[in-house]
Amino acid sequence: MKEIKIFTTKETSCCSTEPTTTSCCTPEPTNESTCCSSPEVTVEKPNQEQNNLHLPVAIIGAGPIGLAAAAHLAIQKVPFIVFESGENVGHNIRKWQHVHLFSPWQYDIDKAARKLLEETEWKSPQNDVLPTGKELVEQYLEPLSKLPAIKETIRYNSKVISISRKQNDKMKSLNREKQPFEIYVERNQDIEIVEARAIIDATGTWGNPNPATSNGVWLNSEKQCKNHIEYGIPNVAKSSNRYADKTVAVIGGGHSAINTLLELADLQKEYPQTKLIWILRKKHVEDAYGGEEKDALEARGELGSKMHALVDSGKVQVYTPFYTMQVKSMNEQMELVGRYEGEMTVIKGIDELIVNAGNRPDFSIEQEVRLSIDPATESVAALAPLIDPNEHSCGTVRAHGEEILRQPEQGLYIVGMKSYGRAPTFLMATGYEQVRSITAYLAGDIEASKRVELDLPETGVCSINLNNSTSSSCC
């Protein structure tokens, strides 16, 4: 592996005399259509010239997608470096390690990673088994991270705080693409500056949750209730004292909320005084069940079917569509103020609140580079028409690669969950295809970067007209 250039903050320049120029011309856009609503997808024409080939590709995040990118680059013998803010791989996954994935091992292991692992004594998990988050880390990510070709490239406890172009802020355009990236890394209470030819941001969205309010606004009244609010999927079995015989409200209409409610329902069997309230914004509660038996991912469909049965049993009180306006503390309990059936409504007497309203991307490290982000989904702009729930609600998203994911900042890619912004339909297998295409491009194999090598099961339901309650399969 080629030597990686690292500088300390003492060696940086404090000024630049290069003139600022702007470009008066932009490339002609090209259009692609989706499998569902066929919106126009605008992408820039490829610029196959790559600069600073003597420098490594920097991968930010050592989760499944980041390590998949590392595996592909290792096979292609492209120098790379991985920055992980945690002390180990899969740092965020360990926070929901008790949860079963609804996709079996068949879709959870990247092809390049599998190839590297099979050259060792690694034992492949059974394809049709559903791993927990813990099993995903222990049986896949940890063995992958310990391979010699990858182990020496990972820098743990290394938090990327900013990226920029060398001697260029966001405003400067002259010869911009010829300058390497500079990555500011907080490590051992010091700042290192690492140069890179390209960056793959696989940091995800975990740890940056959406609030309980339906309009996405964080209020101090909600923050003041933080000791009785959980964001994400809590380990109910380990926290039984917190939830047993309490009134627990769950906000959210996706798989995380369903997982949470099913775990609380198991607790309810042992502690029958436990009262469950489900708050979601869907027009009909049936819209949350998904494809059920039609879903090609059996476990995902089974989640919807189990939730359907739970609601029918009357063991969970449902408010939908309920638009939460405020969470308030009241007499050592909480109240939810919102609009329900066209009227202002207050749901009182809540002891614990679990918010499964998804997460949002954090672009703070990219403030000094040029991004193209969709204003609605906060996803990569050219990807938005494929995943925007305002257009369709398919869990099946057409394969997309380097061309769709490239940013105006040449050499910068946002991948994985973060590339989807606030859209909820990301699957790991989709992320693996993203980095396969991008790494092929960075390795100079343009044709491979344009190929589609993704096989995903369909959800069994795709709503293409959100003003019509009838769902149909269109993907």
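For the pair L310 and L262, the minimum side-chain heavy-atom distance is below 4.5 Å. The side-chain heavy atoms of Y107 and M428, taken from C-beta on, include no pair separated by under 4.5 Å. Taking 4.5 Å as the limit, every side-chain heavy atom of T132 sits out of range of all side-chain heavy atoms of H98. No side-chain heavy atom of I414 sits less than 4.5 Å from a side-chain heavy atom of L405. Between D201 and V415, every side-chain heavy-atom pair lies at or beyond the 4.5 Å cut-off.
N356 places a side-chain N or O within 3.5 Å of a backbone atom of G232 that can act as its donor or acceptor partner.
Across I163 and V369, no two heavy atoms sit closer than the pair O-CG1, 3.9 Å.
K348 pairs by the side chain to side chain contact (heavy atoms under 4.5 Å, CB included) definition with E335, V346, not counting sequence neighbours. For M334, the side chain to side chain contact (heavy atoms under 4.5 Å, CB included) partners two or more places apart in sequence, or in a different chain, are C225, H228, I229, V327, I350, L353. Listed by chain and number, the residues in a side chain to side chain donor-acceptor pair (under 3.5 Å) with D128 are Q126 (sequence neighbours excluded). Under the salt bridge (Lys or Arg N to Asp or Glu O under 4.0 Å) criterion, R242 pairs with E230, E352, not counting sequence neighbours. With sequence neighbours left out, the salt bridge (Lys or Arg N to Asp or Glu O under 4.0 Å) criterion links E366 to K418. Legend: residues meeting ring pair (Phe, Tyr, Trp, His ring centres under 6.0 Å) with F322, ordered by chain and number and at least two apart, are absent. Applying the side chain to side chain contact (heavy atoms under 4.5 Å, CB included) test to P424 and every residue at least two apart in sequence or in another chain returns nothing. Taking the salt bridge (Lys or Arg N to Asp or Glu O under 4.0 Å) definition, one finds that R281 meets it with nothing, sequence neighbours left out. By the side chain to side chain contact (heavy atoms under 4.5 Å, CB included) test, N157 pairs with E87, sequence neighbours left out. Listed by chain and residue number, nothing satisfies the ring pair (Phe, Tyr, Trp, His ring centres under 6.0 Å) test with F181 (two or more places apart in sequence, or in another chain).
Checked for salt-bridge contact, E409 and R165 meet the test: a charged N lies under 4.0 Å from a carboxylate O. Using a cut-off of 4.0 Å between Lys/Arg side-chain N and Asp/Glu carboxylate O, R422 and E378 are scored as salt-bridged. Between E453 and R436, at least one side-chain N (NZ, or NE/NH1/NH2) sits under 4.0 Å from a carboxylate O, which counts as a salt bridge. Between R339 and E343 there is no salt bridge, since no side-chain N of the basic residue sits under 4.0 Å from a carboxylate O of the acidic one. Looking at R155 and E192, a side-chain N of the basic residue comes within less than 4.0 Å of a carboxylate O on the acidic one, giving a salt bridge. Under 4.0 Å is where a charged nitrogen must lie from a carboxylate oxygen, and between E402 and R451 no such pair does.
Residues W218 and Y231 place their aromatic rings such that the two centres sit under 6.0 Å apart.
S103 and D108 share a donor-acceptor pair across their side chains, judged by distance under 3.5 Å alone.
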Given side-chain contact (heavy atoms from CB on, under 4.5 Å), test V57 with I199 step by step and report yes or no.
-> CA-CA 6 Å; V57 174; I199 295 176; over 6 Å; no
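Between Y420 and H400, the angle of the ring planes lies from 30° to 60°, which puts this pair in the tilted group.
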Under 3.5 Å donor-acceptor pairs involving side-chain atoms of residues 266-277, not counting sequence neighbours:
| unit_1 | atom_1 | unit_2 | atom_2 | d |
| --- | --- | --- | --- | --- |
| Q268 | NE2 | T274 | O | 2.9 |
| Q268 | NE2 | K315 | O | 3.2 |
| T274 | OG1 | D245 | N | 2.8 |
| T274 | OG1 | Y271 | O | 2.8 |

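Screening N210, T205, N208 for a side-chain hydrogen bond (donor to acceptor under 3.5 Å, both in side chains) with R360, the sole residue that qualifies is N210.
Sorted by first and then second residue, the salt bridge (Lys or Arg N to Asp or Glu O under 4.0 Å) pairs involving residues 204-221 (not counting sequence neighbours) form an empty list.
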